[in-house]
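Start at 1 and go down the list; that is how both ligands and their atoms are numbered.
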Amino acid sequence: MVSGMRPTGRLHLGHYHGAIRNWLELQHQHECFFFIADWHALTTHYEETEGLSEHVFDMMVDWLACGLSPGASVLFIQSRVPEHAELYLLLSMVTPLSWLERIPSYKETLEQSDRDLATYGFLGYPLLQAADILIYRGRGVPVGEDQRAHVEFTREVARRFNYLYGRESDFVERAERILDRLGRNEARLYRQWRRDFQEQGNLESLGAARELLRGLQSVPMGDLELLDGYLEGECRMILPEPQEYLTKASKITGLDGRKMSKSYQNAIELREEPESVKKKLMGMMTDPARKRRTDPGDPEECPVWDLHQVYSDEDTKAWVQDGCRSAGIGCIDCKNRVLDPMIEELRPIRENAQEYLADRAGVLALIHEGCETARDVARDTLEEVSAAMGLSDE
Ligand code: TRP
Ligand code: SF4
């Protein structure tokens, strides 16, 4: 699994419930690479770099404080793994301009943003993201819906790369020879699943065959790529195509009813002190139709209701629904019910963050280690990619 986050500094509840909570689970189930995408920040904010490195540090502190663990996942910073940039350059050679120009968010942002984004770097944003993913041969990319097009684009780039550099004239003979050397049972299963997929388009068989390949510890990487590619066609899978792993994110609305975001100044931060959490929550927007305590309201029109989805049990939710619609409860009562669980959730995170902040050298050492681990993996991929493109010096 590979995912990145742009460095906006201290995390808020939107980050936590939208992404981090999923990552916390994933890190124990998969091999995970999580990084802070500081180069991506520059694609849009190249004129406002003040504080960037502090934002990166703060974000890492909050990741750690939430429980992302360097023992379970690789946590690092994009710009400290320059191999991403090298792969980005190599991929740029084969990426049609039109693919980048037609990414939906590109034109939209270009036209709507008050920044000047008519730059080469901003056009290349999705390709940099593709390199981020492909350099770890990521299979799954945990992201929100807004990133789906970027992962799709990553697949197209990988497919094109494999097609250009993974085809060899003796491909089929080589694949068959590798199969002949496999255990009889494995070869039989592989062939059967390959046929199921090729003749009937059975995706489960394709998945089963991939699973089988992953379990073949003693077979060299190059041979596995070849067998992986042979499942679908006749070229080696040098860069596997990733799937988006859409996070079952909880929507956390900001204090003013818009999406929670630092730039809207409508966020509750994870390190926020209880007093401040309380103050912000009490000032949070409610259903505009409920001007007075005696006016009935509609939870669907109220951002506080989104918080109940996260923090309240079924009884409490029923209490809100009835009480709001009948004006039986006041908005202060209603908000008070989420206040305690929210403060309880944030307490350990805030305390952890304080400990990490008191040990800056320790955090820097963890970051350094994560970056080195990521580089080792990235270098392997890059070597193969370079060789496939004719750049190896053997
Ligand atoms: N573009 C992503 C976002 O805005 C951040 C990102 C950069 C990313 N590189 C990535 C996400 C690689 C997943 C994989 O949220
Ligand atoms: Fe929102 Fe609760 Fe007030 Fe209804 S009672 S408007 S859900 S805060």
Side-chain angles (χ1 to χ4, degrees), residues 1-8 14-15 18-19 22-23 26 32-45 59 76-79 81 84 87-88 103 105-106 109 122 124-136 138-154 242-247 249 253 255 257 261 281-309 311-312 316-339 374:
M1 294 269 170
V2 181
S3 197
M5 210 179 259
R6 275 172 300 178
T8 46
H15 293 117
N22 269 293
W23 293 10
L26 290 173
C32 289
F33 293 83
F34 298 129
F35 63 94
I36 298 175
D38 51 353
W39 278 336
H40 275 106
L42 288 179
T43 63
T44 50
H45 290 58
M59 184 167 265
F76 61 100
I77 297 164
Q78 184 185 39
S79 66
V81 185
H84 289 222
L87 183 60
Y88 170 60
I103 297 217
S105 59
Y106 174 66
T109 316
F122 184 64
Y125 185 113
L127 189 61
L128 180 57
Q129 183 162 351
D132 295 338
I133 297 166
L134 297 175
I135 197 126
Y136 302 105
R139 297 292 182 148
V141 187
V143 282
E145 181 63 40
D146 62 323
Q147 297 294 314
R148 188 202 281 272
H150 292 161
V151 182
E152 223 162 77
F153 166 79
T154 303
Q243 286 297 325
E244 58 273 22
Y245 178 89
L246 289 184
T247 33
T253 313
L255 300 169
S261 157
L281 188 61
M282 290 306 151
M284 186 171 190
M285 185 192 135
T286 57
D287 175 2
R290 261 204 108 174
K291 288 196 190 59
R292 280 172 301 253
R293 168 70 176 75
T294 47
D295 295 333
D298 179 359
E300 304 305 328
E301 301 295 323
C302 177
V304 178
W305 175 240
D306 293 331
L307 297 178
H308 281 286
Q309 302 297 332
Y311 294 107
S312 298
T316 309
K317 283 193 242 175
W319 172 82
V320 174
Q321 285 288 346
D322 292 347
C324 180
R325 291 177 199 280
S326 65
I329 61 170
C331 291
I332 303 281
D333 309 326
C334 182
K335 289 173 170 180
N336 265 323
R337 288 287 184 106
V338 285
L339 181 61

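Closest to atom 9 (N) of ligand 1, if we only count protein heavy atoms, is Asp132 OD2, 2.7 Å. Of the protein's heavy atoms, Gln147 NE2, 3.3 Å lies nearest to atom 3 (C) of ligand 1. Closest to atom 10 (C) of ligand 1, if we only count protein heavy atoms, is Gln129 CG, 3.4 Å. In terms of protein heavy-atom proximity, atom 1 (Fe) of ligand 2 is closest to Cys302 SG, 2.3 Å. What sits closest to atom 5 (C) of ligand 1 on the protein, heavy atoms only, is Gly4 O, 3.6 Å. Nearest protein heavy-atom contact of atom 3 (Fe) of ligand 2 is Cys331 SG, 2.3 Å.
Inter-residue side-chain proximity for Trp23 and Cys32 is flagged as unmet; no heavy-atom pair is nearer than 4.5 Å. Between Phe33 and Ile135, the closest side-chain pair of non-hydrogen atoms is not below 4.5 Å. No side-chain heavy atom of Val81 sits under 4.5 Å from any side-chain heavy atom of Phe35. Between Lys317 and Pro299, every side-chain heavy-atom pair lies at or beyond the 4.5 Å cut-off. Residues Met285 and Thr253 are not in side-chain contact: their nearest non-hydrogen atoms beyond the backbone lie 4.5 Å or more apart. Residues Thr316 and Trp319 form a side-chain contact, since some pair of their non-hydrogen atoms from C-beta on lies under 4.5 Å apart. Contact annotation: the side chain of Asp132 approaches that of His40 to within less than 4.5 Å [non-hydrogen atoms, C-beta and beyond].
Using 4.0 Å as the threshold, Lys335 has no heavy atom nearer than that to any atom of ligand 2. Within the structure, ligand 2 lacks Gly297 among the residues with a heavy atom less than 4.0 angstrom away.
Atom CG of Leu87 is separated from atom CD1 of Ile133 by 11.0 Å, given to the nearest 0.5 angstrom. With values rounded to the nearest 0.5 angstrom, Ile332 atom CD1 is found 10.5 Å from Arg293 atom CZ. Taken from CG in Asp306 to CE in Met284, the straight-line distance is 7.0 Å, to the nearest 0.5 Å.
Close approach of ligand 1 to Val143 is summarised as follows: ligand atoms under 4.0 Å from at least one heavy atom of the residue are 11 (C), 13 (C). Short contacts between ligand 2 and Cys324, defined as distances under 4.0 Å to a heavy atom of the residue, involve ligand atoms 4 (Fe), 5 (S), 6 (S), 7 (S). Taking a cut-off of under 4.0 Å to the non-hydrogen atoms of Tyr125, the atoms of ligand 1 that pass are 1 (N), 2 (C), 3 (C), 4 (O). Of all atoms in ligand 1, numbered sequentially from 1 with element shown, those under 4.0 Å from a heavy atom of Phe35 are 9 (N), 10 (C), 12 (C). In summary, the atoms of ligand 1 found under 4.0 Å from a heavy atom of Val141, numbered by their order in the structure, are 13 (C), 14 (C). Of all atoms in ligand 2, numbered sequentially from 1 with element shown, those under 4.0 Å from a heavy atom of Arg290 are 3 (Fe), 5 (S), 6 (S). Ligand-side atoms of ligand 2 in range of Asp287: 6 (S), range being under 4.0 angstrom from any heavy atom.
The shortest heavy-atom contact between Arg290 and Cys331 is NH1-SG, 3.9 Å.
The side chain of Ile133, and not its backbone, has at least one atom closer than 4.0 Å to an atom of ligand 1 (non-hydrogen atoms only; side chain from C-beta on).
A tilted orientation is assigned to the rings of His308 and Trp305, their planes being inclined by 30° to 60°.
Atom 2 (Fe) of ligand 2 has an N, O or S atom of Cys334 under 2.8 Å away, backbone or side chain.
Between His150 and ligand 1, no N or O atom pair is found at a separation short of 3.5 Å. Remark: ligand 1 and Ser3 share no N or O pair separated by less than 3.5 Å (distance only, no angle test).
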